[in-house]
Colleague: 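Mind looking over this structure? Questions follow.
Below, chains carry the letters A, B, ... as their sequence lines are ordered, and counting in each starts from 1.
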2 protein chains.
Amino acid sequence: METLDGAPGRTMTAAELADLLRTAIVNGELVPNQRLVEADLAAEYGASRGNVRVALSELSVEGLVERVQNRGARVRAVSVDEAVEITEVRAALEALCARKAAERITADQAAELQQLAESMKDAVERGDRESYSEGNQTLHARLIEISAQQTAAATIQRLRGQAVRFQFRLARQPGRPAVSLPQHLAIIDAVCAHDPDAAAEAMRVHLESVADVIRSSNP
Amino acid sequence: METLDGAPGRTMTAAELADLLRTAIVNGELVPNQRLVEADLAAEYGASRGNVRVALSELSVEGLVERVQNRGARVRAVSVDEAVEITEVRAALEALCARKAAERITADQAAELQQLAESMKDAVERGDRESYSEGNQTLHARLIEISAQQTAAATIQRLRGQAVRFQFRLARQPGRPAVSLPQHLAIIDAVCAHDPDAAAEAMRVHLESVADVIRSSNP
DNA sequence: GTTCACTAAATTGTTGACAATCCCCTCGAG
DNA sequence: CTCGAGGGGATTGTCAACAATTTAGTGAAC
């Protein structure tokens, strides 16, 4: 392997390396159970082995890689059961964010969300999967942003990184938008109506249904 | 400083060192904002500086220490706002666990919880703070255990480590048991009655009230 | 008296070499 | 043919020395 140094010239710091490996794992460039040999990574990314070591340790804490004593690191493969658990935790956390968002949302932000609702409705009517999926993502992201909950946001992001593989397969499932669109609209309605309890419950129900789909995707 | 090696003879591995530092921070032996000089730690614990480095990186990901480029690591000081956020996330997660516990609890486990309820009532009547606080902790721990949610459990534990300092000061607050005891009893009742929604809501209300106390503890 | 440049100490970041461990493969005995 | 012992190669774990950076303190110029 050649040293395909992303940052030109300079040697790579441990944090940068961790970022690169993280995105590589999340994007699926590094597949589950793939071995991560320290020397190889050091050569490939042009970093010292010590830094590779630190980066792998950090990713191990984040749950993206698995390390075993004297046997090296590999990309962690999350089971269906784990993916369900992760989605349920996300349900609880995003419900919290929806609750806070309902408390804090401004008129401008509400108008923006309602516009997004229209856009998602259109996408479903047109059968535009791509656009709908995009709207889905911005909705979740926007609600987390409005909630202004740093701790919850960080935790959600970490968990999402572990389960992207499952989210991914789910988005393209036929008939899924018909189920999830009403849920999304209910969330938007509750948040815009400044109804924290309803917003939290709607979000929780939505993500629990996602968890159900994942649960039944592998018996 | 002398090398007060906890594990005798053998040199300390990075994971062991991380564990030691974690408990030291959580127990308050290392106070917030205290500098963590790599060489000093290496000498004190009898580990190599490389391992100290890895351990600090891991603890940094866990949110217990703060690292800045070229300026070293220090014990992270969590603000009141952060402690409130952390408690709110815990509220969401423990509510999830309470919900799952209500779904899964067996008759034996229910009997055990009800016995714990009696014990906590007695403790409050006797004015036995210590015993009540202990019951409180075992209640939360037991519910998490019964819920069998690995992901949620791990996340809760990580967050608890960051906020122990606040939990701690709160336990000894006068008049607190009078407020929290009914909440605890409500949780136990709902879980034992196999009522997931009520259990989740009771737990959420309980920890939100804890968050309120923390919020008002520093204006 | 204040400000700026400069030096020196302390500390982190980085590297390469060395030791320990594990896995796989071969080989021989039963 | 199966099983266990042993060796070789690959990989991780450990260490100590070196380079780079930051911080604090000193002194001279204005």
Side-chain angles (χ1 to χ4, degrees), chain A residues 1-21 24-25 30-62 64-77, chain B residues 1-22 24-25 30-62 64-76:
Chain A
M1 288 284 165
E2 268 299 286
T3 82
L4 49 97
D5 37 18
R10 227 181 68 270
T11 137
M12 194 165 303
T13 191
E16 294 170 330
L17 183 58
D19 285 345
L20 253 60
L21 286 176
I25 292 174
L30 298 172
V31 303
N33 283 323
Q34 179 169 341
R35 286 195 61 188
L36 299 172
V37 178
E38 296 179 0
D40 292 356
L41 294 176
E44 180 166 356
Y45 290 97
S48 75
R49 205 162 73 84
N51 280 353
V52 173
R53 211 169 166 65
V54 170
L56 289 178
S57 287
E58 293 182 3
L59 294 177
S60 157
V61 174
E62 290 181 27
L64 286 177
V65 320
E66 207 172 16
R67 294 190 94 187
V68 283
Q69 185 80 253
N70 287 323
R71 293 184 54 184
R74 53 184 62 221
V75 180
R76 192 168 86 93
Chain B
M1 287 286 163
E2 268 297 286
T3 83
L4 49 97
D5 36 19
R10 227 181 69 269
T11 136
M12 194 165 301
T13 191
E16 294 171 330
L17 183 56
D19 285 345
L20 253 60
L21 286 176
R22 197 190 341 265
I25 292 173
L30 298 172
V31 302
N33 283 323
Q34 178 169 342
R35 286 195 61 187
L36 299 172
V37 177
E38 297 179 358
D40 292 356
L41 293 176
E44 181 165 356
Y45 290 98
S48 76
R49 207 161 72 84
N51 281 353
V52 173
R53 213 170 166 63
V54 171
L56 288 179
S57 287
E58 293 181 4
L59 294 177
S60 157
V61 174
E62 290 181 26
L64 286 177
V65 319
E66 206 173 17
R67 294 190 95 187
V68 283
Q69 184 82 251
N70 287 321
R71 294 184 52 183
R74 52 183 63 220
V75 179
R76 191 167 88 92

Colleague: Is there a side-chain contact between B:L36 and B:V75 in this structure, where contact means two heavy atoms from C-beta onward sitting under 4.5 Å apart?
Modeller: yes
Colleague: I'd like to compare against my own output: the B/S/- annotation of nucleotides 6-16 of chain C with a strict under-4.0 Å heavy-atom distance to protein.
Modeller: -----SBBBS-
Colleague: If every non-hydrogen atom of B:L59 is compared with every non-hydrogen atom of B:A18, which pair is closest and at what distance?
Modeller: CD2-O, 4.0 Å
Colleague: Is B:R53 close to B:R67 at the side-chain level, that is, under 4.5 Å between some pair of heavy atoms?
Modeller: yes
Colleague: Under 3.5 Å, is there a donor-acceptor pair between the side chain of A:R74 and the main chain of A:N33?
Modeller: yes
Colleague: Specify the separation, in whole Å, of atom CG of B:L17 and atom P of D:dC15.
Modeller: 11 Å
Colleague: Bend across the helix from C:dG1-D:dC30 to C:dG30-D:dC1, to 10°, with axes taken over 5 pairs at each end?
Modeller: 10°
Colleague: Roughly how far, to the nearest 0.5 Å, is the CG atom of B:L30 from the CZ atom of B:R35?
Modeller: 14.0 Å
Colleague: May I ask you to test the A:N51-A:Y45 pair for a side-chain heavy-atom distance under 4.5 Å?
Modeller: no
Colleague: If you look at every heavy atom in B:A42 and B:S48, which pair is closest and at what distance?
Modeller: CB-C, 4.2 Å
Colleague: Show your working on side-chain contact (heavy atoms from CB on, under 4.5 Å) between B:L56 and B:L41 and close with a plain yes or no.
Modeller: CA-CA 10 Å; B:L56 288 179; B:L41 293 176; 4.3 Å; yes
